[in-house]
Engineer: 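Structure below; questions to follow.
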Amino acid sequence: MIWGHKLNKLTPAEIVLMKKAGQITRDALKFIETLIKPGISTLELDKFAKKFIIDSGAMPSFLGYEGFPGSICASPNEMVVHGIPSENIILKEGDIISIDLGVIYKGYNGDAARTFPVGKISDENSRLIEVTKNSFFEGIKHLKVGHRLGEMSHAIQEYVEKNGYSVVRELVGHGIGKKMHEPPNVPNYGKVTDGPLVTENACIAIEPMVNMGKRNVWLLEDGWGVVTQDGKPSAHYENTVLITKDGIEILTL
């Protein structure tokens with residue numbers, strides 16, 4: 001399988017704005033992490049995130065995107081991604097929750113996600129979060145100018161499966177810049193020969209979504225939330241990455 005489209009090349013001025021968007025995204029996630037505890041609702045987290053982003057001089061890119069009602073995606077436990085914030089979803093001890101968050105700063109986008117523990121969590125859930133995060137870093141070792149994007153995608157899949165987990169196939173990373181979602185697709189699986197050639201001065205969002213059980217997922221009736229079919233937990237880790245001739249720079253870390 002070949003994913004088409006070249007990576008979009010950014011100018012030096014655009015890269016400056018992307019770096020600022022990435023910084024605000026990172027800071028907003030770090031702020032939300034301090035609020036995650038048993039008893040808080042995902043709607044409360046959403047309100048705090050929206051205020052933080054606006055106070056930082058940016059706008060939440062998720063709010064209103066194709067009709068999405070929240071400023072963050074809040075996805076607990078078996079929910080893989082795109083959970084709609086709700087006053088009825090109250091976090092409890094032992095949960096894990098994925099927070100995906102994007103901002104627009106002067107017309108440019110940052111996008112990142114983390115899976116956080118709620119209070120004390122099981123060793124199994126802790127390992128799932130750690131392997132998901134590590135799969136990102138294993139992948140970016142293979143992100144090199146002139147190489148196929150599939151080398152990175154393959155490395156993520158190989159690391160995840162070697163650790164006994166599965167990679168979600170229906171959802172992938174993406175190019176990012178003036179739009180939150182730009183070509184090309186950035187899968188977390190595939191062959192080393194897949195995808196376009198990696199070019200410098202381009203930004204992509206890399207986001208492994210890893211299931212403790214099987215990779216199969218359902219779309220909820222709300223048209224947004226995606227959950228594991230077997231009801232086992234899922235974790236998500238995402239950063240916006242700038243590719244340079246000398247290597248890469250993680251803009252949201």
Side-chain angles (χ1 to χ4, degrees), residues 25-42 44-46 48-49 72-83 85-86 89-101 111-142 152-153 155-173 187-189 205-218 225-241 250 252-253:
T25 305
R26 174 200 71 200
D27 291 348
L29 274 172
K30 287 174 79 172
F31 172 63
I32 292 302
E33 182 178 14
T34 67
L35 304 174
I36 290 174
K37 61 184 186 296
I40 196 166
S41 75
T42 58
E44 287 176 277
L45 294 177
D46 185 78
F48 280 119
I72 62 171
C73 295
S75 309
N77 301 319
E78 75 278 5
M79 187 170 286
V80 182
V81 285
H82 302 161
S86 169
I89 300 175
I90 311 294
L91 300 184
K92 62 184 188 301
E93 186 87 14
D95 284 346
I96 61 173
I97 183 161
S98 299
I99 303 293
D100 192 355
L101 180 152
D111 189 5
R114 305 282 186 268
T115 301
F116 298 115
V118 182
K120 183 168 173 52
I121 63 172
S122 68
D123 291 344
E124 291 83 1
N125 279 343
S126 184
R127 182 172 180 268
L128 173 67
I129 292 172
E130 193 65 20
V131 168
T132 304
K133 176 181 176 180
N134 289 346
S135 73
F136 168 89
F137 290 100
E138 284 297 315
I140 60 175
K141 292 176 186 175
H142 302 266
M152 181 191 69
S153 303
I156 291 172
Q157 178 184 4
E158 190 173 56
Y159 181 82
V160 168
E161 293 177 352
K162 181 179 75 178
N163 279 281
Y165 301 124
S166 61
V167 172
V168 174
R169 306 287 181 98
E170 291 79 3
L171 302 146
V172 296
N188 303 300
Y189 64 93
I206 305 162
E207 49 179 319
M209 289 155 272
V210 176
N211 294 348
M212 189 179 286
K214 294 181 178 175
R215 69 174 182 84
N216 311 81
V217 296
W218 299 117
V226 176
V227 297
T228 58
Q229 286 189 14
D230 59 15
K232 292 185 177 178
S234 184
H236 186 195
Y237 187 85
E238 176 185 20
N239 282 303
T240 299
V241 171
I250 303 170
T252 47
L253 196 61

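Nothing fancy with the numbering, it's 1 onward along the sequence.
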Engineer: Would you name the heavy atoms of S153 and P187 that are closest together and state the gap between them?
Structural biologist: OG-O, 2.7 Å

Engineer: May I ask you to decide if R215's main-chain N or O and S166's side chain share a donor-acceptor pair within less than 3.5 Å?
Structural biologist: yes

Engineer: So do V81 and C73 actually touch side chain to side chain, heavy atoms under 4.5 Å?
Structural biologist: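 SC-SC contact between C73 and V81 ruled out.
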
Engineer: Report the distance from atom CG of N163 to atom CD of E138, rounding to the nearest 0.5 Å.
Structural biologist: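 Between N163 CG and E138 CD, I get 9.0 Å after rounding to 0.5 Å.
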
Engineer: What's the spacing between N134 CG and I156 CD1 if we round to 0.5 Å?
Structural biologist: 12.0 Å

Engineer: Find out whether I140 and I250 are in side-chain contact, i.e. whether some heavy atom of one side chain is under 4.5 Å from a heavy atom of the other.
Structural biologist: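 Result yes, sub-4.5 Å side-chain heavy-atom pair found.
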
Engineer: Within the 4.5 Å heavy-atom criterion, are V227 and V80 side-chain neighbours or not?
Structural biologist: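 They are not in contact (no side-chain heavy atoms under 4.5 Å apart), so the answer is no.
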
Engineer: Which atoms form the tightest heavy-atom contact between V217 and E170, and what is the distance?
Structural biologist: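 Heavy-atom minimum between the residues: CG2-OE1, 3.5 Å.
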
Engineer: Would you check if the side chain of D230 reaches a backbone N or O of K214 as a donor-acceptor pair within less than 3.5 Å?
Structural biologist: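 Side chain of D230 to backbone of K214: a pair is present.
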
Engineer: Below 4.5 Å, heavy atoms only, C-beta onward: do P38 and L91 meet side chain to side chain?
Structural biologist: no

Engineer: OH/Y159 to NZ/K141 distance, rounded to the nearest 0.5 angstrom?
Structural biologist: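 Between atom OH of Y159 and atom NZ of K141 there are 8.5 Å.
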
Engineer: State, to 0.1 Å, how close D111 and T240 come at their nearest heavy-atom pair, and which atoms those are.
Structural biologist: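 The answer is O-OG1, 2.7 Å.
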
Engineer: May I ask you to test the E207-D100 pair for a side-chain heavy-atom distance under 4.5 Å?
Structural biologist: yes

Engineer: Can you name the closest pair of heavy atoms from M212 and Y165 and give their distance?
Structural biologist: CA-CD2, 3.7 Å

Engineer: Any donor and acceptor pair, going by atom type alone, linking the side chain of E78 with main-chain N or O of K232 inside 3.5 Å?
Structural biologist: no

Engineer: Just verifying a value: how many Å separate L45 CG and I40 CD1, rounded to the nearest 0.5 Å?
Structural biologist: 4.5 Å

Engineer: For the side chain of N211 and the backbone of S234, is there at least one donor-acceptor N/O pair under 3.5 Å apart?
Structural biologist: no

Engineer: Which distance, rounded to the nearest 0.5 Å, do you find between the CE of M152 and the OG of S135?
Structural biologist: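 M152 atom CE to S135 atom OG measures 10.0 Å (nearest 0.5 Å).
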
Engineer: What distance do S75 atom OG and I97 atom CD1 have between them, rounded to the nearest 0.5 Å?
Structural biologist: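 Reported value, rounded in 0.5 Å steps: 7.0 Å.
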
Engineer: Is the F48 ring parallel, tilted or perpendicular to the F31 ring (thresholds 30°, 60°)?
Structural biologist: perpendicular

Engineer: Compare every heavy atom of P208 with every heavy atom of T132, then report the nearest pair and how far apart it is.
Structural biologist: CG2-O, 3.8 Å

Engineer: Only distances under 3.5 Å count here; give the side-chain donor-acceptor pairs of residues 112-122 to other protein atoms, sequence neighbours excluded, each with its distance to 0.1 Å.
Structural biologist:
unit_1	atom_1	unit_2	atom_2	d
R114	NH1	E238	O	2.8
R114	NH1	N239	OD1	3.3
R114	NH2	N239	OD1	2.9
R114	NH2	T252	O	3.1
T115	OG1	S98	OG	2.7
T115	OG1	H236	N	2.8
T115	OG1	H236	O	3.0
S122	OG	N125	N	3.1

Engineer: Show your reasoning for whether side-chain contact (heavy atoms from CB on, under 4.5 Å) applies to V241 and F136.
Structural biologist: CA-CA 11 Å; V241 171; F136 168 89; 3.9 Å; yes

Engineer: For residues N188 and L171, report the shortest heavy-atom separation together with the two atoms involved.
Structural biologist: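 That would be ND2-O, 4.2 Å.
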
Engineer: Before giving the answer on side-chain contact (heavy atoms from CB on, under 4.5 Å), spell out for V168 and V226 the whole-Å C-alpha distance, their side-chain angles and the decisive distance to 0.1 Å.
Structural biologist: CA-CA 10 Å; V168 174; V226 176; 5.8 Å; no

